[in-house]
There are 2 protein chains.
Amino acid sequence: MTQEIKRKITRQTLIDKGYELINTYGYHAISIDTIIDEVGLTKGAFYYHFSNKHHFVEAIIQERVSKEIHSNFIEPLNERGNPIFILTDLFHDKLLKDKSLNQQLGSPLTNFINDLSHEQNDYGLQLQLKEIFDEWKIALINFLYRGIEGGCLNRHIDTESTAEFIIASVEGIRTLKKVTSNEGIFYNYMQQLKNFFDTLKIPKEELQGNQYYYAAS
Amino acid sequence: MTQEIKRKITRQTLIDKGYELINTYGYHAISIDTIIDEVGLTKGAFYYHFSNKHHFVEAIIQERVSKEIHSNFIEPLNERGNPIFILTDLFHDKLLKDKSLNQQLGSPLTNFINDLSHEQNDYGLQLQLKEIFDEWKIALINFLYRGIEGGCLNRHIDTESTAEFIIASVEGIRTLKKVTSNEGIFYNYMQQLKNFFDTLKIPKEELQGNQYYYAAS
DNA sequence: CAAAAAACATACTAATCAGTATTGTTTTTT
DNA sequence: AAAAAACAATACTGATTAGTATGTTTTTTG
């Protein structure tokens, strides 16, 4: 095995375990010793790949937290069709079906925001997390805009505040899942999210033979 | 000054500074030494009042986090009138006017949930936070129920999921406020929250005395 | 193959952590 | 006024922390 591959594997092993542990227990609760013990490596390996703990978590945010939002909540927005169907299906899949999201741990984005938002010696961690949020928001805004252009959504909706509201609600419900014993909390959430999506529809008065619109679910 | 008063002041001083620092930087990021230095006390004082750090944060949750939710978001629900007006005014006041809530720090409830949800040697901290959430939820459910009984809200709404959705959205938006530079994020939020509240209103058909109705789902 | 560089291991340090043991100082009670 | 109790300060401990300095092994390169 070539050196380059081995190096990348070692680095990735540290990143993956670090993400898992920090997302579960928090940045300050997890020591570097714990991480290297878990993967069977040593300080030498860790500090060869990362200059300090801050740069380590910075890499984790770039390579894992960002990816979690991108692959799960941004990329699916490229699908074509009725935007309300797409959004409903997307959140339904991610919250109720996708076991890989390990919902008992909440949302990684919110977890890392809470963990790192007031760090001293901040190497720009806040900015990185803000950018993930911004990307998600812009993707949703464009998605909603396409829905309006395609004649599926009410052209009077405010795309920015709608996008922010959707993100806030899903991040919020994933946080509450961490403490509640209500197993149906995501099912309940989908119910109300659909109600909210109804406010994005084209009013009946304007509905004149629009093929994409669907009557009350 | 009597001994009892002095004791209570010392205790309260520790609780207040602990709440402030832990809510800002996190439970694991703040040491007991930091807290006592900030208030000019010593370890002797701290450990006379609290047996350990866990019981300390337990007291903070009981006496400060719980109170933040109660006084700001639960007690105002006792007001009488149109429930949608009351809720709209309440959130508008708390998010856009009340400077004491120091919104750059996010929501204490979410902050503490994220900080303590996966503690080892958990002295029941999760349970305490869950109870705050439950109290808030039940208070909202009862509030919505009174709105239905009073003929102000659609009697077909699901009060539980509606309550959960409102809490999730406001906790979510307060979390996003921590990283965003968008100063108007709470204004935008109020806009969409009002849209959501529209889904709780009594349908026009019923308002006009029409006895017929159709289920929304 | 040998020298050089890369990738990781070992052993340490100084600082900080939660918590304890002891002592000192007020207040209250007797 | 003496004794007791309450409250807080001082000085410590062992464990853990992030980070460093220096080895050792493996791979690449001339």
Side-chain angles (χ1 to χ4, degrees), chain A residues 1-19 21-22 24-61 112 115-116 118-125, chain B residues 1-19 21-22 24-61 112 115-116 118-125:
Chain A
M1 184 156 43
T2 132
Q3 205 168 27
E4 192 189 355
I5 293 177
K6 269 186 72 177
R7 187 187 63 221
K8 285 185 177 174
I9 288 177
T10 302
R11 199 190 116 98
Q12 197 60 43
T13 305
L14 288 166
I15 291 268
D16 288 346
K17 183 58 76 177
Y19 171 72
L21 289 172
I22 291 175
T24 306
Y25 299 102
Y27 176 73
H28 296 278
I30 291 299
S31 69
I32 291 163
D33 290 282
T34 303
I35 296 168
I36 57 180
D37 282 359
E38 283 275 322
V39 297
L41 286 167
T42 58
K43 286 246 164 115
F46 183 91
Y47 282 98
Y48 177 78
H49 289 279
F50 309 98
S51 57
N52 54 46
K53 201 183 177 187
H54 263 98
H55 286 125
F56 178 58
V57 76
E58 199 172 328
I60 289 176
I61 292 170
F112 277 78
D115 236 33
L116 303 167
H118 282 272
E119 274 300 287
Q120 51 269 66
N121 290 335
D122 194 323
Y123 285 58
L125 298 175
Chain B
M1 185 156 43
T2 148
Q3 207 169 24
E4 192 188 354
I5 293 177
K6 270 185 72 178
R7 186 187 64 220
K8 284 185 176 173
I9 288 177
T10 302
R11 200 191 115 97
Q12 197 60 44
T13 305
L14 288 166
I15 290 268
D16 289 346
K17 182 60 74 177
Y19 171 72
L21 289 172
I22 291 174
T24 306
Y25 299 102
Y27 176 73
H28 297 278
I30 292 299
S31 69
I32 290 163
D33 289 282
T34 303
I35 295 167
I36 58 180
D37 281 359
E38 284 275 322
V39 297
L41 286 167
T42 58
K43 287 243 164 123
F46 183 91
Y47 281 99
Y48 176 78
H49 290 280
F50 308 99
S51 56
N52 55 47
K53 202 183 178 187
H54 262 98
H55 286 125
F56 178 58
V57 76
E58 198 171 328
I60 289 176
I61 292 171
F112 277 78
D115 235 33
L116 303 166
H118 282 273
E119 274 299 287
Q120 52 270 65
N121 289 338
D122 195 324
Y123 285 57
L125 299 175

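In what follows, every chain begins at residue 1, and chains take the letters A, B, ... in the order their sequences are listed.
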Toss me the dot-bracket line for DNA chain C: Watson-Crick and G-U wobble, both under 3.5 Å, 5' to 3', using | for pairs to another strand and [ ] for crossers.
-> ||||||||||||||||||||||||||||||
Distance in angstrom units between A:Phe56 CZ and D:dT17 P, rounded = 15 Å
Between A:Thr10 and A:Arg7, is a side-chain contact (heavy atoms from CB on, under 4.5 Å) present by the stated rule, with each step listed?
-> CA-CA 5 Å; A:Thr10 302; A:Arg7 187 187 63 221; 5.8 Å; no
d(CD1, B:Ile5; P, D:dA6) in whole Å | 17 Å
Encode nucleotides 11-25 of chain C as B, S and - characters from 5' to 3', where the letter depends on protein heavy atoms closer than 4.0 Å: B to the base, S only to sugar-phosphate, - to neither.
-> B-----SBBB-----
With sequence neighbours left out, write down each residue that passes side-chain contact (heavy atoms from CB on, under 4.5 Å) with B:Tyr47, or none if nothing qualifies.
-> B:Ile32, B:Lys43
Apply side chain to side chain donor-acceptor pair (under 3.5 Å) to A:Asp37 and list each qualifying residue two or more places apart in sequence or on a separate chain.
-> none
Rounded off to whole Å, could you give me the CD-to-P distance for the B:Glu4 and C:dT29 pair?
-> 11 Å
Could you tell me whether the phosphate oxygens of D:dT28, OP1 or OP2, come under 4.0 Å of any side-chain nitrogen or oxygen in A:Thr2?
-> yes
With sequence neighbours excluded, what pairs up with B:Glu38 under the side chain to side chain donor-acceptor pair (under 3.5 Å) test?
-> none
Rounded to the Å, how far apart are A:Ile35 CD1 and D:dG19 C1'?
-> 14 Å
Find out whether B:Gln3 and B:Lys6 are in side-chain contact, i.e. whether some heavy atom of one side chain is under 4.5 Å from a heavy atom of the other.
-> no
Rounded to the Å, how far apart are B:Ile36 CD1 and D:dC7 P?
-> 18 Å
What is the distance, rounded to the nearest whole Å, between atom CD of A:Gln3 and atom P of D:dT29?
-> 8 Å
Not counting sequence neighbours, which residues clear side chain to side chain donor-acceptor pair (under 3.5 Å) with A:Thr34? List them please.
-> A:Ser31
Over how many whole Å does the gap from B:Asp37 atom CG to D:dA9 atom P extend?
-> 12 Å
For A:Ile60 and A:Asp16, what are the C-alpha separation, side-chain angles and deciding distance, and is it a side-chain contact (heavy atoms from CB on, under 4.5 Å)?
-> CA-CA 8 Å; A:Ile60 289 176; A:Asp16 288 346; over 6 Å; no
Respond yes when some side-chain nitrogen or oxygen of B:Tyr48 is under 4.0 Å from OP1 or OP2 of D:dC7, and no when none is.
-> yes
Search all heavy atoms of A:Ala59 against all heavy atoms of A:Ile15 and return the closest pair with its distance.
-> CB-CD1, 3.6 Å
Send over the distance from A:Arg7 CZ to D:dT28 P, rounded to a whole Å.
-> 11 Å
Nucleotide nearest A:Leu41 (side chain, heavy atoms from C-beta), chosen from D:dA8, D:dT26, C:dC8 | C:dC8
Across all chains, not counting sequence neighbours, the ring pair (Phe, Tyr, Trp, His ring centres under 6.0 Å) partners of A:Phe46 are A:Phe50, A:Phe56
